[in-house]
Colleague: 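Have a look at this one.
The model shown is predicted, which means the values in this text are computed figures rather than measured ones. All heavy atoms count here, side chains included; hydrogens, waters and symmetry mates do not.
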Amino acid sequence: MNEYKVKGLTCANCTRELQEEINKLPSGESASLSYNTGKLKVDHSVDLNKVKKILSSDGAYIEAENHDHHDHSHQTGINWVVLLSISAVLYVVGFVTENMFNEYVAIGMFLAATVLSGYQTFLKGLKNLIKLKFNIETLMTIALIGALGIGEWKEGALVAILFGLNEYLEGLGMQKARKSMEKLLEIAPKEATVIENNEERIVSIASLDVDQIVLVRAGEKIPSDGIVIEGKSSVNEAAITGEAMPVEKGINEPVFGGSINNEGVLKIKVTKAYENSSLAKILHLVEEAQETKTPTELFINKFAKYYTPLIMIIAAIVMLIPPLLMDGSWGDWFYQGLAVLIVGCPCALVLSSPIAIVSGITKNARNGILIKGGVFLEQLGKVKTIAFDKTGTLTKGEPYVEDYIEYHHSFLQIAASIEKNSSHPIAKAILKKAEGISYLHVDELQTVTGSGLVAKIDGITYFLGNEEHLKDFPFKQEVTDQINLLKERGMTIVILATNEEVYGMMGISDEIREESANVIKNLHSAGIQHTVMLTGDHEKTAEKVASKVGVKSYFAGLLPDQKVEKIKEISQCEKVAMIGDGINDAPALATADLGIAMGKGTDSAIETADIVLMQNHLGKLPNAIKSAKKVNSIIKLNIALALGLKLIALLLTIPGLLTLWIAILSDMGATILVTLISLTVLYDQK
């Protein structure tokens with residue numbers, strides 16, 4: 001497939017019709033033309049000249065690689081403003097002179113205004129009329145011919161001016177949403193400083209290879225995902241995660257491409273070629289996201305297809321039935337019929353959805369929430385139940401010492417000295433607890449697989465490990481009670497003892513994320529009715545985490561395939577989203593109506609998910625749900641406005657009160673309202 005940037009697309013409805021034309025070309029079935037992104041994708045075997053011809057029938061063109069056309073589009077924008085301004089002045093002059101001077105001077109003014117602002121639409125409509133293709137331009141052209149034909153010069157001019165203004169504003173609304181999108185794309189770094197044989201060399205981002213060493217000075221963008229091998233600095237990751245606070249980075253710490261190095265100089269070993277980096281994936285996903293059509297949009301497009309001919313039929317009935325059967329005046333009812341045609345423009349209706357969707361996706365992307373398609377944004381607003389994986393999602397996924405009881409003052413020092421060379425996660429938790437304590441010299445150390453360690457310090461043998469490790473040790477009742485208490489609270493027990501006495505014990509658990517309880521509360525207030533935790537961990541741990549974070553229900557001891565079964569079960573009754581971060585969550589993410597992955601989760605979880613939280617915590621999820629609900633309600637409001645205003649105008653034909661003025665205002669008012677309301681998504685500061 002070849003991809004081209006198309007400029008000059010006038011409206012979503014016309015774009016749909018152009019795509020249909022291109023689809024009719026030999027091997028053009030798979031072609032797609034998106035009004036949202038202004039992108040055309042066609043098979044390389046399609047005759048491009050024919051495609052250009054189809055596009056030019058609507059005044060659109062494929063943008064050349066150089067920048068000449070950029071000015072062209074800028075020019076057209078200015079030209080529209082100039083033409084419309086002149087037309088408006090001529091209209092006002094005509095209006096004033098009509099009563100004061102000669103009527104024919106006024107007619108001249110109105111005609112000039114009509115020609116200036118309406119000639120492009122008129123010509124397009126005429127071409128369509130010859131082809132018997134009925135779209136918005138055809139409707140306007142018929143209305144103009146009719147209005148001028150019955151001597152309604154003033155109203156004909158107003159039709160042309162307001163329609164021109166309408167087209168211009170509609171383009172502007174979409175451009176605003178697209179611009180916002182492009183601003184997001186500008187965060188991509190363009191080049192990198194590579195160090196080879198102690199020499200610095202500037203290369204383009206695309207040519208970066210894995211394992212190359214890059215130098216990033218203060219204020220520069222990190223070119224691709226990598227690991228710090230030299231230097232220390234704080235890094236602004238807002239472009240990726242939406243988090244404003246800088247993150248401290250030292251040796252061996254991972255960094256994202258597209259984030260900005262704040263102060264020091266960093267040497268970074270590239271771990272992913274740029275096209276696989278987090279940033280490239282984000283930009284690619286967001287671009288793709290705009291091109292997928294939502295069910296509502298598909299419905300609107302289908303509706304518009306049948307709706308235009310229906311309006312033509314209603315207009316014909318209004319023009320013919322009263323004069324033929326009810327003795328009405330031909331002139332009056334012809335005029336009413338023209339007004340019906342204008343009311344029937346499907347512009348506002350077709351615009352109800354795309355601007356709001358693009359704005360919603362862009363706004364969330366700025367917050368580091370990647371929504372991979374308009375469909376998923378729409379779904380997110382409809383979700384009633386959220387299922388959470390526990391480890392790494394509601395908890396940090398790393399053990400920490402939650403509770404400890406010492407019977408001997410050197411308990412912590414000895415435990416840390418024994419564990420200091422171990423890379424086991426529990427050892428890390430113990431060392432973290434003993435930070436700042438000096439280590440003792442360990443003479444002998446042996447590991448008893450699965451249960452613990454035996455160590456010799458100053459001639460004394462110590463046993464450090466779980467109960468299994470000390471099963472032959474006669475514990476006092478008090479110690480046994482403590483062990484049972486910690487187990488009751490869902491902790492893993494680590495005990496230190498010699499042959500004679502117990503030195504102490506620790507209760508180790510997976511640390512709950514600080515924000516989890518708050519997020520669950522906010523989700524409930526954002527309209528999520530059920531929150532469920534699914535975990536492979538045992539009942540006691542699950543119960544503890546569930547009650548601390550406030551989820552409404554939980555299921556423990558689940559294997560990956562049992563998680564999938566649970567999701568299937570829940571989704572039979574309601575729309576369910578699943579949130580997870582590990583490889584074992586990928587099947588459940590795929591099964592849920594909506595899969596949401598943590599950004600630092602595994603690649604497979606991120607690939608499978610429909611939404612990715614780049615911050616690696618759930619903090620921004622409630623806002624994403626609120627914005628999705630807002631987008632959904634805006635789309636509903638837009639459709640109601642678009643159809644409601646038209647219906648009111650159409651009902652005015654019954655008493656014969658519909659004028660071209662009302663017709664134009666109902667159409668134009670709806671389009672402008674729909675555009676402005678949709679753009680409010682972007683400006684909602686939250």
Colleague: For residues Glu539 and Tyr554, is any side-chain donor paired with an opposing acceptor at under 3.5 Å?
Modeller: yes

Colleague: Does a donor on one side chain and an acceptor on the other come within less than 3.5 Å for His530 and Ser553?
Modeller: no

Colleague: Regarding Asn484 and Glu488, do their side chains bring together a donor and an acceptor under 3.5 Å, going by distance alone?
Modeller: no

Colleague: How long is the straight-line distance from NZ of Lys396 back to NE2 of His617, given to the nearest 0.5 Å?
Modeller: 11.5 Å

Colleague: For the NZ atom on Lys432, are there more than 12 heavy atoms of other groups (residues, nucleotides or ligands in this structure) within a distance under 6.0 Å?
Modeller: no

Colleague: Could you give the distance from CG (Leu558) to NZ (Lys390), rounded to the nearest 0.5 Å?
Modeller: 12.0 Å

Colleague: Examine the side chains of Gln529 and Glu574 and answer whether a donor and an acceptor come within less than 3.5 Å of each other.
Modeller: no

Colleague: Flag the pair Glu253 and Lys232 as a salt bridge only when some basic side-chain nitrogen lies within less than 4.0 angstrom of an acidic carboxylate oxygen.
Modeller: no

Colleague: Return the OH to CG distance between Tyr404 and Leu496, rounded to the nearest 0.5 Å.
Modeller: 12.5 Å

Colleague: How about Lys420: does its NZ atom have over 12 heavy atoms from other parts shown lying under 6.0 Å from it?
Modeller: yes

Colleague: Stepwise, does the side-chain contact (heavy atoms from CB on, under 4.5 Å) test hold for Leu440 with Ile414?
Modeller: CA-CA 7 Å; Leu440 303 168; Ile414 294 168; 3.8 Å; yes

Colleague: Tyr400: which residues meet the ring pair (Phe, Tyr, Trp, His ring centres under 6.0 Å) condition with it, sequence neighbours left out?
Modeller: none

Colleague: Is there a side-chain hydrogen bond (donor to acceptor under 3.5 Å, both in side chains) between Ser627 and Asn364? Walk through the geometry before answering.
Modeller: CA-CA 8 Å; Ser627 79; Asn364 277 303; 3.1 Å; yes

Colleague: At their closest point, which heavy atom of Val235 faces which heavy atom of Lys249, and how far apart are they?
Modeller: CG2-CG, 3.7 Å

Colleague: When rounded to the nearest 0.5 angstrom, what is the spacing between OG in Ser509 and CE in Met491?
Modeller: 5.5 Å

Colleague: Before you tell me yes or no, could you show the steps for Glu402 and Lys544 under salt bridge (Lys or Arg N to Asp or Glu O under 4.0 Å), namely the whole-Å CA-CA distance, both residues' side-chain angles and the distance that decides it to 0.1 Å?
Modeller: CA-CA 13 Å; Glu402 187 178 335; Lys544 181 181 94 180; 2.7 Å; yes

Colleague: Flag the pair Lys382 and Asp593 as a salt bridge only when some basic side-chain nitrogen lies within less than 4.0 angstrom of an acidic carboxylate oxygen.
Modeller: no

Colleague: Passes side-chain contact (heavy atoms from CB on, under 4.5 Å), Ile567 versus Leu534? Steps please.
Modeller: CA-CA 9 Å; Ile567 293 286; Leu534 308 177; 3.9 Å; yes

Colleague: As a quick check of understanding, evaluate side-chain contact (heavy atoms from CB on, under 4.5 Å) for Ile495 and Ile483, giving each step before the final call.
Modeller: CA-CA 9 Å; Ile495 307 165; Ile483 291 174; 3.7 Å; yes

Colleague: Look up atom CD1 in Ile579 and atom CD1 in Ile386, then write down how far apart they are to the nearest 0.5 Å.
Modeller: 5.0 Å

Colleague: Grab the two heavy atoms, one from Glu248 and one from Ser234, that are nearest each other, plus how far apart they are.
Modeller: OE2-CB, 3.5 Å

Colleague: Please say whether more than 12 non-hydrogen atoms of neighbouring residues, nucleotides or ligands are located less than 6.0 Å from NZ in Lys456.
Modeller: no

Colleague: Could you tell me whether Lys428 and Glu419 have a side-chain N and a carboxylate O separated by less than 4.0 Å?
Modeller: no

Colleague: Starting from the C-alpha separation in whole Å, work towards a yes-or-no answer on salt bridge (Lys or Arg N to Asp or Glu O under 4.0 Å) for Lys636 and Glu378.
Modeller: CA-CA 11 Å; Lys636 280 185 194 134; Glu378 201 170 283; over 6 Å; no

Colleague: Please round to the nearest 0.5 Å and tell me the distance separating atom CG of Leu431 and atom CD1 of Ile437.
Modeller: 10.5 Å

Colleague: Can a donor-acceptor pair be found between the side chains of Ser233 and Asn262 at a distance below 3.5 Å?
Modeller: no

Colleague: Could you verify whether a donor N or O on one side chain and an acceptor N or O on the other, from Asn236 and Ser259, lie under 3.5 Å apart?
Modeller: no

Colleague: Are more than 12 heavy atoms, taken from residues, nucleotides or ligands other than Lys629, located less than 6.0 Å from that residue's NZ atom?
Modeller: yes

Colleague: For the residue pair Leu589 and Ala609, what are the closest heavy atoms and their distance?
Modeller: CD1-CB, 4.4 Å

Colleague: Can you say whether the rings of Tyr462 and Tyr503 are parallel (under 30°), tilted (30 to 60°) or perpendicular (over 60°)?
Modeller: perpendicular

Colleague: Just to verify, what does Ser516 make a side chain to side chain donor-acceptor pair (under 3.5 Å) with, not counting sequence neighbours?
Modeller: none

Colleague: Starting from the C-alpha separation in whole Å, work towards a yes-or-no answer on side-chain contact (heavy atoms from CB on, under 4.5 Å) for Val214 and Val270.
Modeller: CA-CA 7 Å; Val214 291; Val270 176; 4.0 Å; yes

